[in-house]
Structure formats: C-alpha cells, structure tokens
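Okay, so here's the structure we're looking at.
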Amino acid sequence: MDSTPSSSTEHHKRLEYCTTRLPYRQGRELKAVKVYTVASESKHLLVFGVPKIQLQGNLKNKLQQFVELEAFTDVFAVKFDRVEVARRAKRQMDAKQFYGGILHISYAPERETLQELREKLTQRRSEVSYRLSRNLTETKQKEEEEQASTAKKCK
Amino acid sequence: MFSSQRHLKRRTPAQGIDRREYIGHLVDEYYTTTNVEAQEQVTANLANFAYDPINWPHLHAADALDVFVASLETPNQNLQLHGIAALCNICLDNKVSEFLRDQLDIVIGLFLRTDHTEIVIHSLALFYQLLNAGLVEKTQLLTPAVLKCVQEWRLKSQDKRQIIRRLIHHLQQVQVVKRFTQKDLEEFAKFTGDYNYIHSKDVPVEQRRVHGALLNAVVAGIIGSKLPGPGTVVLEQSFKFLKPCRIEQETVVTVRLINARKISTVEYDCRQNDEVVFAGNAKLLTQSQSSKTNES
C-alpha cells in the first residue's frame, strides 16, 4: 500500500470553524469556510482521530455500508460504493465523538483510480441533467396548481 | 447535495428569506463589504450553492457569475479558489458555458500563473467537464501553454492526483535535438572506460561514430525526465544500431508514447539527415506503480 507523502495531506487538514459570519448568513451549525466541487468529493474517505485501541470492529459497525476498511497509520481509509453514501457518512460522522476521540472525516479523491474518477465525472453530468429536468417539472406543476387554484377562486 | 423546491420551502423558517433573496444578499455583500474575510465567506457560500442546479436561476438573477469572474481576477488566493470552484460547479449550465467561452482567457490565465494546487484541481475539473460535454473547442482551450502547464504540474506533484494524468495523454511525443561533439565522446569514454578507437581521433571524423550506449543514455534521459518523466523505471529494452551516428551533426531524438497503461511502452529513434541511425522500444513502469513496487 503506498504511503501518502505529507504534501498531499494538505487538503485533509481540519479548518477552523468560521465565527465571524454576519447573522443573516450564520446557520444553526458552525461551519468552516470551504468549497466543494465534483473534484473534491469522492467515494473514498479518510477517517482521522480514531483512538488507538482495538476499535476496528466498532468502526466497522458504525460505517455500515463500507466496502473496504484498512488501518493506515492511525488513520482509516474507507471506500464506499457510491459518492452519495460517502457524503452521508461524512455528514453524519464528521466532528462527532467516538470512544473519547473526535472524528475528522475527509474526502480522499486522490485514492481514486482513473476509472473511478471518470465515472465520478460522468455521474456528475447525469445528476445535473436529472436535477434540471426534475426542477423543471416541479416548477411546471407548481404553476399549474396555482393556475388551477386562482381559476377556482374566480368561479 | 441537491434540494427540491419543496425541500427548500420546508427548510426556510416562516420569517426567513427565501433562497433567491438570500443569494441576492450574498452578492450584494460581496460588492458592499470592506471586510476581505466576509468576501471570502460569501464567495464560498455562493460557490457551494452553485453545486446544486436548483440555485442556478437564482445565481443568474443575482449576477453571481460576475462575482465569480471578479474573484478570479483579484490577488486574493482564497477568492480565486472560491471563484474557480464556483465555475467548476456551475459550468454545465448552458448560459454559463456560453459565458465561459468568452471569458476563457481569464480562467486560463489564472490556471497558468497559480501555484495553489486546489485551484489547479478545480480548473482541471472545469476544463474536463467543458471538453467532455462539447461545450468548448479543444483548440480554444488546450493551447500549448495550457498543455505545458499541465505537464509541469504532473512533474511537480508528489500528490498523485489522477485528474492531472488524464490530460497528459495529449502529450504523446517528445523530441530533442542534440549535437554530439568529440569532447562528449572523450568524456563518455573516460567515464565508461570504452576507449574503442572507433570513437576516437584515431579514425578520421567521417568514420568516427558516437558510442551506442551514449545514444541510449540520451533516450533514457528523455524517458526519465520528460516522457513519461521522473519516477519511470525501465523494465525492458530492445534497440538496433542501423547506421553509424556521426559527431557534429544535428541529431533528432524522438520518444513516442505508444501505450500509457500499468506498464507503458515507448518507441524511440535518433535521426541524422532524416535517416534513422538508432531505433528501439522499451517497456516502462510509470510513477505511481513504481513507488508501490519500492514499498513492497
């Protein structure tokens, strides 16, 4: 298994939460200032902050839909079947407590094979096109409903 | 993550502002604030909104595109990063791709001068999406400067991001022009101990020939520094010396990438006066695989 040189762990660093947002745009949870694109997301995740005790079994239970889990110094590398599952896992487990430690989850797109990368980019394209058509039908439906209700009122 | 209209309606509190208004406020704040951090925060916010197509009409209505392009042109690296990420997220929108075709120079300009790896990653993802969906012409986007820059990043990066390698396959061939001198031959003889008189002044210059091993070494130099580049390990080679290679003549050394797989193959030759003097092929182990071998 190849070891990741330090320069490539730059993007795995945990950023500070932003506390200086203006009230109108401060959400319920604190978040860091960070951008995500199709290039940042991945079905590969790295899990930092797992306490160094025999937790592999517990971690496995936690990550129910895992495919591969390997000890990677004191960091675990996980690969999910699909990006959406990885997204959900990250959302649910990031910054959460775990046996006395706090987990830090990060996407690890550098672990993708070329084929996985190609698939990810293709998937983004089809997802966008699906969302566009769904949003269109939803808007049309809404308009029809509104027209129907105003027509009713006029009667 | 994606939202539907219904989902957004549910999430907005009764007294809250809706998504379109919110995006409008973010754009306004970008222009009116004097606080750089606030600008960074709102651009990041807008860039992440750009990920979900449901927000695209709102972003257009608020002229967020102008904010993204303006960010690219600031000297602030975080703003540049947020701007390019935003464009990468929104590039599959028809109006945006049209817009980008005209603003391509600004995007390419940032890509060529930046030293920030995240900006490079999002730029490459942007380029790939535009090319893949046929939204921009290859010739317009993949200028020699862009291709050279991609190759340089590949060589520079310890971080084996595959997306860089994807664009490298455009560079299939490297040519180097070399002129061998008697001094080269004498130094090579001294270094290797090959004092064969056929390389020395004992024969007239028209009959003198360059060491075969030296020709191979020049080819190896290209393989190891240019194509495929550093980290490459030669596994197997076969070559032929077809004609004597003379000194003080222009020698064109060409390496061609035939097969860029787990084990790559290259073909190479040296020509003088358009005649092939040396030719061969090799099987190579390229960078990512070779480091695995070293570790095991």
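Below, chains carry the letters A, B, ... as their sequence lines are ordered, and counting in each starts from 1.
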When heavy-atom pairs shorter than 4.5 Å are enumerated against chain B, which of A/Glu41, A/Arg21, A/Arg125 gives the highest number?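 Heavy-atom pair counts peak at A/Arg125.
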Does any heavy atom of chain A fall under 4.5 Å from the side chain of [X], the backbone, both, or neither of them?
| X | result |
| --- | --- |
| B/Gln41 | both |
| B/Leu126 | neither |
| B/Asp93 | neither |
| B/Ala133 | both |
| B/Ile54 | both |

Would you call A/Lys34 and B/Glu118 a salt bridge, using N to O less than 4.0 angstrom?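 The answer is no: the pair does not qualify as a salt bridge.
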Is a side-chain N or O of A/Asn135 found less than 3.5 angstrom from the main chain of A/Arg131, in a donor-acceptor match?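 Yes; at least one donor-acceptor contact below 3.5 Å.
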Consider only side-chain N and O atoms of B/Asn76 and B/Gln39, and report whether a donor and an acceptor are under 3.5 Å apart.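 Short answer, no.
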With chain A as the partner, which of B/Pro57, B/Ala86, B/Cys88, B/Ala50 has the greatest number of non-hydrogen pairs under 4.5 Å?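 With the most close heavy-atom pairs to chain A, the winner is B/Cys88.
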For B/Tyr51, does the six-membered ring have the charged nitrogen or CZ of A/Arg124 within the cation-pi criterion, i.e. under 6.0 angstrom from the centroid and within 45° of the normal?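 Yes, A/Arg124 sits over the ring of B/Tyr51.
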To the closest 0.5 Å, what do you measure between CZ (A/Arg25) and CD (B/Glu29)?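 Here the interatomic distance stands at 4.0 Å.
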